[in-house]
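Everything below concerns the one structure shown next.
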Amino acid sequence: MSDTIAAIATSVGRSAINIIRVSGSEAIKIVDNLFKGVDLTKAKTHTIHYGFIMDKNEKIDEVLVSVFLSPKSYTGEDIVEINSHGGVASTNKILELLLNNGCRLAEPGEFLKRAFLNGKKDLLEAESIGDLINAETEMERKMSMKGVTKELSQMITSLREKLLNIIANIEVNIDYPEYDDVIIYTKELLTKNIKEIKEELTKILKESETGKIIRDGITVGILGKPNVGKSSLLNALIKEDKAIVTDIEGTTRDIVEGKFLLNGITLNLIDTAGLRETDNIVEQIGVEKSKKILEEVDLILALFDISKPLTEEDKELLEKTKNKKTIIILNKSDLTEQINNEEFKNKEIIKVSVKENKNIDKILDKISEMFNLKELETQDYTYLSNSRQISIIKNCVKIINDIEVANNNDTEIDLIQIDLQNLWNLLGELIGDTYKDGLLDEIFSKFCLGK
Amino acid sequence: MYEVIVIGGGHAGCEASLACARIGHKTLLITGNFNNIADMPCNPSIGGSAKGIVVREIDALGGEMGYNADISHLQIKMLNSKKGPGVRSLRCQADKTTYPQNMLNTLKNTKNLDLKEALVKEIITENNEIKGIITEENEKILAKKVIITTGTYLNADILRGHSKHKGGPHGEKPSLYLSESLQKNGLRIRRLKTGTPPRVLKSTIDYNECSEEKGDDTLLSFSNFYDPIYKIEDQLPCYLTYTNAKTHKLILDNLDKCALYSGLIVGIGPRYCPSIEDKIVKFKDKERHQIFLEPERLNGEEMYVGGFSTTMPEELQEELIHSMDGLHNAKITKYGYAIEYDAIDSTELKMSLETKKIEGLYTAGQINGTSGYEEAAAQGLIAGINASLSLEGKEPLILKRNEAYIGVLVDDLINKGITEPYRLLTSRAEFRLLLRHDNADIRLTEIGRKVGLINDEKYNIFKQKQQRVKELEEHLKEVKIPLTEENNKYLESINSSKLLGKTVAYELLKRPEITMKDIEHLLNETFDKHASEQVEINIKYKGYIDKTNKEVEKMLNLEKKQIPKDINYDNVRNLATEARQKLSLVRPLTIGQATRISGVNPSDITMLLVYLKKEYPNE
């Protein structure tokens, strides 16, 4: 049997009532020892009892105690939830008493883990709840709640059903080649059906990437040649002096991060050492790092000095940001304009003066517009929200691309079937279900076969 | 005193006794009737999707079925020839007279093998170890190993209409006591059912109302070693007709009269082989079902009515048959029936097909809950090999799921258990691109050689075939396609791009649209057919083969994680009840095996892994 764990289940200090959850084989016995009221060991499942939590003879708090017996509980184990009314101090005292009487303090997410291990939650639900635990902003919480409602599991399940239909049909064609009354699964049928699945996955993926933005925020890299004002811009955006700002080239050797909220979304700012080739080893490390970061950021703020003509280095930067979401920022607008604007045609340009704090808000407006941040607040969130899930779906789309190519090349159906099966398995992985025998049931329930 | 006794002379029994005797162990084959050696009581065919590959595997390991089918068939064809190399499979119409005759001759001419006509009523055991058998005539015969391959004869009931009587497939005496003897020894027995359609007189069929189904017009063989000996034009055709509204109405109106729906049958039948009653009840909206008319023998008058397995009473079977085109005046020579029989719960077995409870006792074939001649033969061969290896004090032969369909079959039986008679399907093999018709010998002949079933003659043929593949591959890597106008014209004609310089043939073959035939044309050479096929598959499907191999690796990694033999599943926390029961019953040796047990879910595996890590940190 598992040991008994306890933790405060509400965020301490904010609400009038706090809940302390106890789960495990000893949960009822331990709470009963501290409880003055009915005999909890005889309580039926899903009942609430009024009484007091006692420390020997001292009344600690007036409480309501809910009892859930295994297996019909959140974790699948015996659970007691204590609703305490006495604020932070008495809630903490109750927890302390529980820990002194045989409970162990639950690790973050441990209740959920037990729920998963006892088959109460599937993987996708469990991950969503995990996100919920870590949810900081209201929007994140809303999104995590959606995952819990099984909506995603259902979407994936229905996609898998469609896929299973295709696979089963092909399998029947292979295993019963002499039966002419089963639909022969043709190239054209596959083209049509796989396209539908691809469209749905792509939609989930697109929404999921928005979901990732809500969860992880937008990572913004600030790039530009040395001394163009990157650190100053970062400071202006986060309104604190975090990066070292000097006039000497190459003083920003580390990648400095700053965070702030924009329309409820976290913006993670990254200042980088210039992309300049250098012999200085310390700086070289910083340069290597920024090249890597360049690949990972969601948005680039490319900084140029408006008071000087474009250098080779500037042009190189422009080239590197070609395939990325980028805002071109021309700094030092307080000085005389010398830059050749030609190079920036067809691009979004914002002229600012970081020194005089001019037009910084325009950068923020632009970011908000580019990522639809204002709309995000009012949307429904049904997305996958963590990167494991997103990478699985990305893989799925990749496999579908392979299938489409193979199908167009008239590759034999049995080989395409390998990718279809992989696709089905991958989607199963997403919801923690890869039960292969489902296929045979499908074959025999839908097709009339046999001698 | 024998080293091995095999009980039952069906397809499993033949392979088992031949394997033991050929390896060199003194063997006795006991059968109820010599006339029923290698009998085909149901359809007159060998092979089919997946099953044809199993026959190739049996042959590659040194079994008899493939060669015996090659010298005894009326028609042969390659199925799925256009659906990919992994699912190509042979199927033949076997002659019900010559197939058993040829097999009997082989048995009679095999050294170390004695044959005996008798029914066995009891097995003799001592301290959970097999000692021998007792016949119904109370003759005691001792042996170190016993292999039971009694097929559908254990406690068999024949059912038709409202009648039910004890009897084997040809209405003969079933084995009435052996099942009880096995149960007394602690083996769990279950009841299964299967059925067979009526047979009709060849001369009473109106072939003008049916369509003809011919054999292939290229020479084909199950044998990996010997060339085919038949003539393409000598093949007999099969015929195709259909059920119709009249047939369906007759069945629906009379459901209460058939054994299946009147509640007479308790055994579980196979879903892939439903009776015509079942098909019509379960698939109401289908307007017609295909019916195959297949010749049973060259010198015989019967045609098998494939797809029309029924348990209707005799007079209704007449009406039903006459309702179909081509059969309006057909005379039934043998009525369809269902047969119920005892089978051993296959989770009673180890992967070697030895029973877990009685040392030295093996079971193979339909008694293990499978259906089909090929599945039976495959198990017979494996049981025979493993009984022999055990006599020699060697480790058993356990084929993996990525090595052979036979491996898939045994693994499924032992780990998944069965709820209906088990038939091999290509969809049961997750790595079927590796388990091909064309590479059966590459996969298995060395294994067959090692256990002692591949003689020098076969082994030399195998080696020469391999050599030719190697040589062709080397040749293609060296030879360059001449850059001529003619060749470029040819390439253009098959929608391929022109040659820009002298191109190595092997590289050109990598283009998806280029086949071996094209290379032959471009080089003006002719290659060995078998070698050419091998080389082509290896190049053309490399990407997919690599993908499959990756999946195999994942499986093998799980196979490497051993589960201690003394594990007590009651101590593993948070296992679902069903998983706990199944794990305790099957007692898998590896995590990989555990993942394939039905009723054991991914979360149970997680729990098991957590437990193993905690309790056995060093393993």
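Heavy-atom basis, side chains included; hydrogens, waters and symmetry copies ignored.
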Task: Over-ring placement of B:Arg91 relative to A:Tyr176, 6.0 Å and 45° cut-offs - done: no
- [ ] Evaluate the salt bridge (charged side-chain N to carboxylate O under 4.0 Å, His left out) criterion for residues A:Glu171 and B:Arg432: first the C-alpha distance (whole Å), next the side-chain angles of each, then the deciding distance (0.1 Å), finally the verdict.
- [x] CA-CA 12 Å; A:Glu171 292 295 296; B:Arg432 66 184 176 210; 2.7 Å; yes
Open item on the list: Check B:Lys547 with A:Asp402, please: is the shortest side-chain N to carboxylate O separation under 4.0 Å?
Closed with: yes
Task: Straight-line distance of A:Asn425 CG to B:Glu430 CD, nearest 0.5 Å - done: 9.5 Å
Open item on the list: Is B:Thr196 close to chain A through its backbone or its side chain, or both, or neither, when contacts mean heavy atoms under 4.5 Å?
Closed with: neither
Open item on the list: Taking every non-hydrogen pair under 4.5 Å, which of A:Asn409, A:Asp410, A:Asn173 racks up the most with chain B?
Closed with: A:Asn173
Open item on the list: For the CG atom of A:Asp414 and the OH atom of B:Tyr544, what is their distance to the nearest 0.5 Å?
Closed with: 10.0 Å
Task: Toward chain A, the part of B:Leu240 with a non-hydrogen atom under 4.5 Å - done: side chain
Open item on the list: Test your reading of the model: is there a side-chain donor-acceptor pair from A:Asp175 to the backbone of B:Leu425, 3.5 Å cut-off?
Closed with: no
Open item on the list: Please rank A:Asn422, A:Ile413, A:Leu415 by heavy-atom pairs under 4.5 Å with chain B and give me the top one.
Closed with: A:Leu415
Open item on the list: Measuring from atom CD of A:Glu412 to atom CG of B:Leu433, what distance do you get when rounded to the nearest 0.5 angstrom?
Closed with: 10.0 Å
Task: Rounded distance (nearest 0.5 Å) linking atom OG1 of A:Thr411 with atom OH of B:Tyr541 - done: 8.0 Å
Open item on the list: Using heavy-atom distances under 4.5 Å, tell me whether B:Glu213 contacts chain A through its side chain, its backbone, both, or neither.
Closed with: neither
